[in-house]
Amino acid sequence: MSAAEFFITLLEGRLQAAVELIPDPENSNTTGNWLLRIRLMYDGAAAGVTSFTLHSHSAEEARDVARNIGSNPYLMREIDEFLWGESD
C-alpha cells in the first residue's frame with residue numbers, strides 16, 4: 001500500500017470515527033509502521049482528532065486494525081481517555 005486509505009466506522013452509541021491509515025514512506029512491502037489518524041464525531045458534531053502509530057504491521061494487519069477500532073480494547077480505552085479523561 002503506497003497511499004492513505006480511509007474507513008468510517010461506528011464505535012459505540014453515537015460515536016463515529018473517520019479513520020485514515022497512512023503508510024510510513026520508509027515501509028517495506030512486508031511490515032512497517034503506519035499512522036492511524038482518527039477524526040471522532042459524536043452525535044454528528046466534531047469531537048476531536050487523535051492518532052496512533054502501528055509498529056511492525058503488515059498492510060493487511062494495519063487495515064484490520066483500522067476497520068475494527070471498536071473491537072480493539074486498547075484503542076477504545078485510549079479514545080475514551082482522549083474524549084472524556086478531563087471531565088472526571
Side-chain angles (χ1 to χ4, degrees):
M1 179 171 87
S2 60
E5 293 186 27
F6 300 88
F7 306 91
I8 296 175
T9 186
L10 179 63
L11 297 179
E12 53 187 37
R14 296 180 297 201
L15 183 63
Q16 295 178 314
V19 181
E20 184 177 8
L21 181 63
I22 306 165
D24 183 328
E26 302 288 322
N27 257 353
S28 69
N29 288 331
T30 54
T31 61
N33 297 330
W34 307 82
L35 178 63
L36 192 62
R37 183 177 300 138
I38 304 171
R39 297 180 197 289
L40 299 162
M41 301 286 289
Y42 185 80
D43 206 16
V49 178
T50 189
S51 63
F52 302 90
T53 301
L54 306 177
H55 297 280
S56 301
H57 284 64
S58 69
E60 196 54 43
E61 291 168 335
R63 282 186 198 105
D64 186 55
V65 172
R67 285 185 185 117
N68 299 296
I69 290 173
S71 63
N72 184 308
Y74 171 78
L75 292 177
M76 287 305 296
R77 185 175 57 248
E78 292 296 314
I79 289 169
D80 283 345
E81 182 66 27
F82 171 76
L83 291 173
W84 319 116
E86 293 184 19
S87 66
D88 291 340

For the residue pair L11 and G70, what are the closest heavy atoms and their distance? CD2-N, 3.8 Å
Any link between I38 and L83 through a network of hydrophobic side chains (Ile, Leu, Val, Met, Phe, Trp, Tyr) touching at under 4.5 Å? yes
Let me check something: do I8 and F52 share a hydrophobic cluster, defined by ILVMFWY side-chain heavy atoms less than 4.5 Å apart, either directly or through other members? no
Spell out, yes or no, whether F6 and L15 are grouped together once hydrophobic residues are joined by side-chain heavy atoms under 4.5 Å, including indirect joins. no
At their closest point, which heavy atom of N33 faces which heavy atom of S56, and how far apart are they? OD1-N, 3.4 Å
Which atom of L21 lies closest to which atom of R63, heavy atoms considered: CD2-N, 3.7 Å
Contact between D80 and E12 at the side-chain level, heavy atoms closer than 4.5 Å - yes or no? yes
Non-hydrogen atoms of M76 and I69 that approach each other most closely: CG-O, 3.4 Å
For a quick test of reading the model, state the closest non-hydrogen atom pair linking A47 to F82 and the distance between them. O-CE2, 4.4 Å
For N68 and N72, test the side chains for any donor-to-acceptor distance below 3.5 angstrom and give the result as yes or no. no
Kindly compute the distance separating NE2 (H57) from NE2 (H55), expressed to the nearest 0.5 Å. 9.5 Å
Where do L40 and A17 come nearest, in terms of heavy atoms and distance? CD2-CB, 4.1 Å
Of L54, V65, I22, which is the lone residue that meets side chain to side chain contact (heavy atoms under 4.5 Å, CB included) with W34? L54
Honestly curious: do Y74 and V19 fall in one hydrophobic cluster under the side-chain, below-4.5 Å linking rule? yes
Rounded to the nearest 0.5 Å, the CZ atom of R37 sits from the OG1 atom of T50 at a distance of 11.0 Å
